[in-house]
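Below is one structure; the comments refer to it alone.
Small disclaimer: the values here were computed from a predicted structure and weren't measured. Convention: sequence-line order gives letters A, B, ...; per-chain numbering from 1.
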Amino acid sequence: MLVWVGVIWAFGIPAYMLPSPARVVAAAVNRFGSLMSSLGISAAAAVGGLAGAVLVGVAISLSFAQSAWVRRMFYPYTVLLQTVPIVAITPLILMWVGPGLYSVMLITFLICLPPIIANTTQGLISVDRNLVDLFLMHGASRRQVLLKLRLPHAMPSMFAGIRIAGGIAVIGALTGELFAGSARVGVGGIGYAIQYASAQTETDYLFALVLAASALGFGFFFLVMFVEWYFLHDWHESARSSEME
Amino acid sequence: MRGGLRRYSCRFWVQINCGTRVSETALKTIRTVTVPAIELKRATKRYGSGATVLDGIDLKVQRGEFVSVIGPSGCGKSTLLKMVAGLSPCSDGAIAVDGMTPENARQITSFIFQDATLLPWRTVRENVGLGLELEGVAKDRREQKVASVLELVGLSKVAGSFPRQLSGGMKMRVSIARALATRPEVLLLDEPFAALDEMTRDHINEELLRLREEQGWTALFVTHSVAEAVFLSTRVIVLAPHPGRVAHDLAIDLPFPRTEETRLSEAFEEKIAEVSRALRSVSVVGARA
């Protein structure tokens, strides 16, 4: 903070280049309503995209866990999905789905999907052979092995995937909004508002938006951490050690 | 196959003619004279490329016996056990457990693995109930059975704990309790105590014999430890390696119940010497070949 203020004072930087903290706070307070609505829209897009990616990703992983065959056939596509730069296909999505919340959600979804699939699949198939034998000895069905052994075993790695996805969900939502922010002029998520504010050289508000976006990212991270802790703290070391920190 | 049919007709007949209690005893008597608990006939295991792991194993384990299998590493001890469990098929020959195929005999067989193989997300109670749960035993009956087996193994106090809160010896006890919860007639143990310190190991050995006394199951036990094999068994089978085959079949006629006293006795020392000699002889042969 002091450095920030000091730099402005020492070099005489104009407010449209680097506003002082006071101006940023003032901008945030003055336009609190629109700041919050942007934040809400971005949060909704990120949550929706992430939730969709968790549901679809886990479902895909479950089918991958069923046979090495399915895995070998379809896994390369998820790698492909990861390597295609999302920015490059955003205009396509925009063209197909149209601008607005849904295309932003779709972009978030696509960016969140690969880490969830990769981690969950790994967790599902890396079960101790002896445990599978134990289940077979008691006449367990495939379904029982999946639901009572593989799925709980995969929980820690699934959450590791969701944590990565949670971090990039906000980035995905903002990226999406930069391109496909708003169906109506003037209302949109943070990404859209950032673009708008930068075009208008409302640098103080721009700063407020950036801070809000960071806060959203943080919030997301802790949300995922909490859910993970809730499910794993009884038994898993990773969740226990974060409990002690 | 024939053994299986005979066995079922016996059970049917007995249950019609007597009350449940009587039938159980009578059934045991009849089965004792009909089929051995485990029978291997020329059982052979080859892996794809043609490497023979086990070559024509002939072995009969009678009901109530405690048979240890010992041998140098690579002699196929664990493979033998997996085959009896029906987890790994015979390449040649046949295996019968209580007159049935190993797969069909799973409901009367329990397996205890090298490590405790507990599910970390389940409490001790839920881990012990796993076998019953998978076999579809109703919840209240399951809880009753779990409670009684926990009592038997002395784990009632930690029933609500998670595996991570337990020591290695305790985890192994939970693993034993889980195996016994389904009331098996045949128990297969694959070096279950190898990772435990000696004190704990001795304790659990004594406990295992006490449980056997109470429940009367038949055991096939794979181990590296001569002392453990002698202490626990009524018979020790020594396997020779490359390919695995039965080299010695030694009766251990030390009196039961065996306790700390047994370990200090001269007869125990002599048996250990005898088994060690047998083990050394197959190791030397193995090295020369």
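With contacts defined as side-chain heavy-atom distances shorter than 4.5 Å, the pair B:Leu134/A:Phe135 qualifies. Using a 4.5 Å cut-off on side-chain heavy atoms (C-beta onward), B:Ser110 and A:His138 make contact.
A distance of 6.0 Å separates CG in B:Leu188 from CE in A:Met137, rounded to the nearest 0.5 Å.
Counting heavy atoms of neighbouring residues, nucleotides and ligands inside a 6.0 Å radius, atom CD of B:Gln165 exceeds 12 of them.
At a heavy-atom cut-off of under 4.5 Å, chain A is reached by B:Arg178, B:Thr182 from residues 176-184 of chain B, listed in order of number.
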Between side-chain atoms of residues 70-83 of chain B and protein atoms elsewhere (two or more places apart, or another chain), which donor-acceptor pairs fall under 3.5 Å?
unit_1, atom_1, unit_2, atom_2, d
B:Lys77, NZ, B:Gly71, O, 2.8
B:Ser78, OG, B:Asp190, OD1, 3.0
B:Ser78, OG, B:Asp190, OD2, 3.4

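Sorted by first and then second residue, the pairs that involve residues 125-137 of chain B and meet salt bridge (charged side-chain N to carboxylate O under 4.0 Å, His left out), not counting sequence neighbours, are A:Lys148-B:Glu133, B:Arg122-B:Glu133. Applying the salt bridge (charged side-chain N to carboxylate O under 4.0 Å, His left out) test to residues at least two apart or on different chains, the pairs with a partner in residues 115-132 of chain A are A:Arg129-A:Asp133.
Among A:Ser141, A:Gly139, A:Pro152, the residue with the largest count of heavy-atom pairs under 4.5 Å with chain B is A:Pro152. The candidate with the highest count of non-hydrogen atom pairs below 4.5 Å against chain A, out of B:Gly86, B:Gly136, B:Gly131, is B:Gly131.
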Open item on the list: What verdict does the side chain to side chain contact (heavy atoms under 4.5 Å, CB included) test give for A:Leu134 and B:Phe111, after you've listed the backbone C-alpha separation in whole Å, the side-chain angles of each residue and the deciding distance to 0.1 Å?
Closed with: CA-CA 7 Å; A:Leu134 172 74; B:Phe111 201 106; 5.9 Å; no
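In this structure, chain A has no heavy atom under 4.5 Å from any part of B:Leu132.
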